[in-house]
Amino acid sequence: MRLDDILYTQGFGTRRVCAGLVQQGHVAVAGQIQTDPAQEFEAEGLRFRVQGTDWAFHQKAYLMLHKPAGTECSQKPSTWPSVYTLLPGPLRQRPQKGAVQGVQAVGRLDQDTTGLLLLTDDGAFIHRMSSPRRHVPKVYEVMTKHPLDQAQVQRLLAGVVLDDDPRPVRAAACEALDSHQLRLTLTEGKYHQVKRMVAAVGNRVEALHRSQIGGLRLPPDLAPGQWRWLGAEALASIAA
Ligand code: URA
């Protein structure tokens, strides 16, 4: 693939901008500055440097982000900064068919929720992960305002009715870790589901953190606000 086309697919701007980056000597491959935008490279596995930053070619982008509190999972946030501002420009600009650009969050977390958020430009992946039939378990660490008791845990496991659906929603797993800490696993993703379920059993969520999606855990060394590419193994572990 031509070097300017490679840069274009990875979100470095229009084809004209990408050709300009190469012509102006801002792009290196294997330590060598390239000046010919038409130079051909095998895209798969290619590593390159643009304006001092190292990149690797990714046909599709799959990322995990440690979402910090006080951020919105929206491209057009109403009050708080968008999680997308935590990503480098090319990830937000990767060209896509249709109007949407760049990677998109796979589902949303509330403004005050922290933890594991997946982002991708693979529309089919988002669709599969969001399907109600998929039942990918998501693990939440919940800090509650009031002391927990076994009756609350049992009710969360047995199922509670939320105001928008007469069918009860139940936690796939639920355990009280101490008097104010709950670990809850959900296999569906209704609006504010954890907060509403905890409220339905007479308690209140003080802090909420998502620690795991499927078999993928938030790595302890990924600090709030940091992101990381997902390799094939991590990706496979999500639905394993
Ligand atoms: N449930 C909630 O209530 N909030 C989240 O952010 C995620 C799950």
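Both ligands and their constituent atoms are indexed starting at 1 by order of listing.
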Atoms of ligand 1 close to [X] [distance to a heavy atom under 4.0 angstrom, numbered from 1]:
{"X": "Leu109", "result": "6 (O), 7 (C)"}
{"X": "His192", "result": "1 (N), 2 (C), 3 (O)"}
{"X": "Leu208", "result": "1 (N), 2 (C), 3 (O), 4 (N), 5 (C)"}

Worksheet item: Are Asp121 and Arg94 close enough for a salt bridge, meaning some N to O gap below 4.0 Å?
Response: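 The answer is yes: the pair qualifies as a salt bridge.
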Practice prompt. Check the angle between the aromatic planes of Trp55 and Trp229 and answer parallel, tilted or perpendicular using the 30° and 60° thresholds.
Written response: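 It falls in the perpendicular class, over 60°.
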Discussion item. Counting non-hydrogen protein atoms only, what is the nearest one to atom 1 (N) of ligand 1? Give residue, atom name and distance.
Written reply: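 For atom 1 (N) of ligand 1, the nearest protein heavy atom comes out as Val194 N, 3.1 Å.
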Worksheet item: Measuring from the heavy atoms of Tyr140, does anything fall under 4.0 Å of ligand 1?
Response: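 Yes; Tyr140 lies near enough to ligand 1 that a heavy-atom distance drops under 4.0 Å.
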Worksheet item: Where is the tightest heavy-atom contact between Val103 and Gln75, given as atom of each residue plus distance?
Response: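 Shortest heavy-atom contact: O-NE2, 4.0 Å.
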Worksheet item: N/O to N/O below 3.5 Å, does that happen between Arg108 and ligand 1?
Response: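 No, since none of the N or O atoms of Arg108 sits under 3.5 Å from an N or O of ligand 1.
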Worksheet item: Hey, is Thr113 touching ligand 1 through its side chain, its backbone, both or neither, going by heavy atoms under 4.0 Å?
Response: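 Side chain only; the backbone of Thr113 stays clear of ligand 1.
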Discussion item. Taking 4.0 Å as the limit for heavy-atom contacts, which would you say applies to Leu186 with ligand 1: side chain only, backbone only, both, or neither?
Written reply: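 Contact part for Leu186 vs ligand 1: neither.
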Practice prompt. Answer yes or no: does atom CZ of Arg16 have more than 12 heavy-atom neighbours from other residues, nucleotides or ligands under 6.0 Å?
Written response: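 Not buried by this count: 12 neighbours or fewer within 6.0 Å.
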Worksheet item: Does Gln32 CD have over 12 foreign heavy atoms under 6.0 Å away?
Response: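 No.
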Item to complete: Give the cluster check for Phe12 versus Leu87: same hydrophobic cluster or not, with ILVMFWY residues linked at side-chain heavy-atom distances below 4.5 Å.
Response: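 As far as the 4.5 Å side-chain criterion goes, Leu87 and Phe12 are connected within one cluster.
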Worksheet item: Hey, mind stepping through His146 and Gln152 against side chain to side chain contact (heavy atoms under 4.5 Å, CB included) and telling me if it holds?
Response: CA-CA 11 Å; His146 309 292; Gln152 291 174 25; 5.8 Å; no
Item to complete: Select the closest option to atom 4 (N) of ligand 1 among Asp110, Leu117, Val142, judged by heavy-atom distance.
Response: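 It is Asp110 that holds the nearest heavy atom.
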